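Because the structure is a prediction, the values reported are computed rather than measured. Below, each value reflects all heavy atoms present in this structure, side chains not excepted, and no hydrogens, waters or symmetry copies. The chains referred to below are lettered A, B, ... by the order of the sequence lines, with proteins before strands, and numbering in each begins at 1.
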Amino acid sequence: MSAATAVSAENICYSDVRSVANRVAAQLQLCCPHSSTSYPLARVIHARIITSGFRPRAHILNRLIDIYCKSSHFTYAKQLFDGIPQPDVIARTTLIAAYSASGNPKLAREVFDKTPLNIRDTVFYNAMITCYSHNNDGHSAIKLFNDMKRKGLFPDNFTYTTVLAASSLIADHENHCKQLHAVVAKSGTETVTSVMNALVSLYVKCASSPMASSALLMDSARKLFDEMTVKDELSWTTIIAGFVRNNNLDAAREVFNKMDEKLVVAWNAMISGYVHKGLISEALEMFRMMSLQGIKQDEFTYTSVLSACAEAGLFHFGKQLHAYILRTEVKTGGEFLVSVNNALITLYGKCGKVDQARKIFGQIAVKDLVSWNAVLSAYVSARRINEAKHFFEKMPEKNSLAWTVMISGFAQNAFGEEGLRLFNQMRLNGIEQCDYAFAGAITACAVLAALEQGRQLHCQIIRLGFDSSLSAGNALITMYARCGVVEAAHTLFLTMPCLDSVSWNAMIAALGQHGHAAQALELYEEMLEEQIPPDRITFLTLLSACTHAGLVEEGRRLFNSMSENFGINPGEDHYARLIDLLCRAGKFSEAKNVIQNMPFEPGAPIWEALLAGCRNHRNLDLGVQAAERLFDLMPQHDGTYILLSNMFATAGRWEDAAKVRKLMRDRGVKKEPGCSWIEVENNVHVFLADDTAHPEMHAIYDYLYKLVLRMRKLGYVPDTKYVLHDTESEQKEYALSTHSEKLAVVFGLLKLPRGATIRVFKNLRICGDCHNAFRFMSMAEQRLIVVRDGKRFHHFRNGECSCGNYW
DNA sequence: CTAGGGTTAG
């Protein structure tokens, strides 16, 4: 009988109270507290009770209260409860349990406090302790446990089990475990399986705290487990999952192998352990063994294995798996369980098949939050930021994860302002901001070079206790470096409590971008000594560091060692950096040789690197060849046209230069306008070439004019040839123009306190004349001037630039 | 006790 038919029964008239009672009891049988149809049914029953004058027994009221709480209708629940003349302890316990299950520990506590002391019993305390435990408040649970013992009540098995579970939420030290272990040992419950399971679980949870010794605690957990006389399924899976979570995996495998009848849960724990550790082939091997042994797999198995495929980019295998599980039972009503669909969305999303992912999403009848988030992530990782934005706005419900994805999506696609705006909006909406959200916001600051905002976020991170977070810490390293304060990045790196390969890569990249190639290489050596395996990104950053400093020999050595010593095959991006390195050093024949011997056809990154090198060395012939390939490969890319026309202009081939410009116009290619910005008193001031929009422009030009006179006395000669090397305004290419970076630096000189470092940021590569001018400015003004351009940093001090005029 | 959605490095 469905709820709908039960509801229509409302119209039937019942003459006596007994039949009402029977009817109510029958209807309540239909209610499952979590079902969405139960609430309307409960309303009908409630109404029937009121109109009939029937006085239901306590258990009927308790059940109705339960349904109301679980459908978040607390007012009705309270009304019912208040209608009970003298609610007994069972009614009160039910209400507490109901509030607990609906995530309202405060309301539960109100009921608890209003209950007369003399009727509080052990079960009543258990309910409140469980409530705290389920709502992640370990401290209150333990407080209540002690309170209960002081009142002379005897904790039972259930109390110990819950208190141990609650303690595992907060235990971060060996001593916590030992103390509770002693309490349990004294209680006479150390043979009760559920209590011992909870104790093992406590050790396991504590072992994953950064403050505790993981190995020691897992040893204790293992010893406890071995001593247990009666082990149930939970015991086995707790210890296996514990070893999996705490990274010892071999130990997990050892226990797993000892299991007589290996449970699906245990298989699943092993598989997910391998997936999370990146051991994809091991995960798939276990999956294969499972299939061969005919063990029935469930949705946990499939979601883990699908995520393994997504992680490893095994699109083909994933698709086969998709077909395979179509024949299985992870379906309801002909459709996959939503979790399996979600894993499929992620698989297709991670393999770049965003539209396929979107299609699966569209076919899901009952989507959950994970489904929405998976599609959002697919759009973001495909850099389809506009679609991501629209999708995000359409989401019926957004959790902190969705906001985080969107914030970092904006940041990664250079929409720093949008990212920060969303982060603030998230805060206004009262959404909890975890370290991941902060990491996204900090990346937005790095994009904008908003140092002050970044610093403020850093302070908040410390205040909130996220300062040991890897994601936040790693983002901060990059933020400080990209805001020009590489020293702050380094200090942070040295003081972080734990580091991962991302931290090392970030710091190596930071040093490289600032031209400290030697230090970057030293750090790399240290990384190897610390047994952190370098990855493909480590080598990308190292090769860039070598390029910035012109260390050809070192770069070549590193390039060769990546495949010889670390088994990493160089990708096109690695080759592109090698070409860059060689070309900037003028070694064109070697570069051509590398291109000819590459294991794949050269793509745009290779030709771009070659063209950049040709520009620096005025190798027009080769430059034209590279540019022609680029015109084919990416006809809409503005940089190629600008570079080539400048190269022609430098060589005096004005007609060719004009031809390239015309080609650009004919193809409708728009040049990205150059702009520079500087942060002054927490405000970002943006300048374009020949800008007149800034309110203090008069003072800026005035100061610049006088400053140039002083610079000339020190030997500065404005280089008019760079006017032809125009990187900013196409229209005024033959006119004398003032580039945006000069305006920004001069504004900084006017506004920032004496002696303060000037930090200016530019979206494009710095112009040659500006570069020269800043050397003299740093001398004339006795200032440190730091400029970040599209590629790297320049530190101007006493007339010299850190790049050694090589960029 | 197990799963599906996040972050940071170029």
- Message: Let's see if you get this right: which residues in residues 434-444 of chain A place a heavy atom under 4.0 Å from DNA chain B?
- Response: A/C434, A/Y436, A/T443
- Ignoring backbone atoms, test whether A/Q513 places a side-chain nitrogen or oxygen under 4.0 Å from the OP1 or OP2 oxygen of B/dG10. yes
- Query: To the nearest angstrom, how far is A/K367 atom NZ from B/dG5 atom C1'?
  - Reply: 16 Å
- Message: By nearest atom, which of the nucleotides B/dC1, B/dG4, B/dG10 is closest to the A/L234 side chain?
- Response: B/dC1
- Taking only the side-chain nitrogens and oxygens of A/S201, find out if one of them lies under 4.0 Å from OP1 or OP2 of B/dC1. yes
- Message: Counting the benzene-type ring for Trp, do A/F539 and A/F566 have ring centres under 6.0 Å apart?
- Response: yes
- Query: Under 4.0 Å between a side-chain N/O of A/S408 and OP1 or OP2 of B/dT7, yes or no?
  - Reply: yes
- Those residues at least two apart in sequence (or on a different chain) that pass side-chain contact (heavy atoms from CB on, under 4.5 Å) with A/Q356 are A/Y348, A/K353
- Tell me: CZ of A/F423 to P of B/dT8, nearest whole Å? 13 Å
- Task: Evaluate side-chain hydrogen bond (donor to acceptor under 3.5 Å, both in side chains) for A/N569 paired with A/S563, printing each intermediate quantity in order.
- Result: CA-CA 5 Å; A/N569 289 328; A/S563 56; 5.4 Å; no
- Query: About how many Å separate OG1 of A/T328 and CD of A/E299, when rounded to the nearest 0.5 Å?
  - Reply: 9.5 Å
- Message: If the cut-off is 4.0 Å, is A/S307 near the phosphate of B/dG4, judged by side-chain N/O to OP1 or OP2?
- Response: yes
- Task: Starting from C1' on B/dA9, measure out to CZ on A/R482 and report it in whole angstrom.
- Result: 11 Å
- Report the distance from atom CG of A/L164 to atom P of B/dC1, rounded to the nearest whole Å. 12 Å
- Message: Do A/I442 and A/I461 have side chains that approach each other closer than 4.5 Å (heavy atoms only, starting at C-beta)?
- Response: yes
- For the pair made of CZ in A/F539 and C1' in B/dG10, what is the distance, rounded to whole Å? 14 Å
- Please work out if A/V265 contacts a base, only the sugar-phosphate, or nothing of the nucleic acid, heavy-atom cut-off 4.0 Å. base
- Rounded to the nearest Å, what distance is computed from the CD atom of residue A/E299 to the C1' atom of nucleotide B/dG5? 17 Å
- Starting from P on B/dA9, measure out to CZ on A/R536 and report it in whole angstrom. 16 Å
- Query: From the list B/dG4, B/dT8, B/dT2, which nucleotide is the closest neighbour of the side chain of A/Q412?
  - Reply: B/dT8
- Give A/N341 one of three labels, base, sugar-phosphate or nothing, depending on what nucleic acid heavy atoms sit under 4.0 Å from its own. nothing
- Residues forming a side-chain contact (heavy atoms from CB on, under 4.5 Å) with A/L494, sequence neighbours excluded: A/H490
- Is the centre of the A/F361 ring less than 6.0 Å from the centre of the A/W372 ring? yes
- Is any side-chain heavy atom of A/Q433 less than 4.5 Å from a side-chain heavy atom of A/L464? no
- Looking at the side chain of A/H276, which of B/dA3, B/dT7, B/dG10 is the nearest nucleotide? B/dA3
- Under 4.0 angstrom between A/T541 side-chain N/O and B/dG10 OP1 or OP2: no
- Query: Side chain of A/I537: nearest nucleotide among B/dC1, B/dT2, B/dA9?
  - Reply: B/dA9
- Task: Looking at every strand, decide which applies to A/T404 at a 4.0 Å heavy-atom threshold: base, sugar-phosphate, or nothing.
- Result: base
- Does any donor-acceptor pair link the side chain of A/S471 with the base of B/dT7 at a separation under 3.5 Å? yes
- Query: Taking CG from A/N197 and P from B/dT2, how many angstroms apart are they, rounded to a whole number?
  - Reply: 13 Å
- Item | A/Q297 vs B/dA3: side-chain N/O to OP1/OP2 distance below 4.0 Å | no
- Query: Can you find a donor-acceptor N/O pair under 3.5 angstrom joining the side chain of A/D368 to the base of B/dG4?
  - Reply: yes
- Answer with base, sugar-phosphate or nothing: what part of the nucleic acid does A/V244 contact at a heavy-atom distance below 4.0 Å? nothing
- Of the nucleotides B/dC1, B/dG10, B/dG4, which has the atom closest to the A/T303 side chain? B/dG4
- Salt-bridged, A/R577 to A/D573, with N to O below 4.0 Å? no
- Task: Using a heavy-atom cut-off of under 4.0 Å over every strand shown, decide if A/L369 touches base, sugar-phosphate, or nothing.
- Result: base
- Task: Can you figure out which of B/dA3, B/dG4, B/dA9 approaches the side chain of A/F300 most closely?
- Result: B/dA3
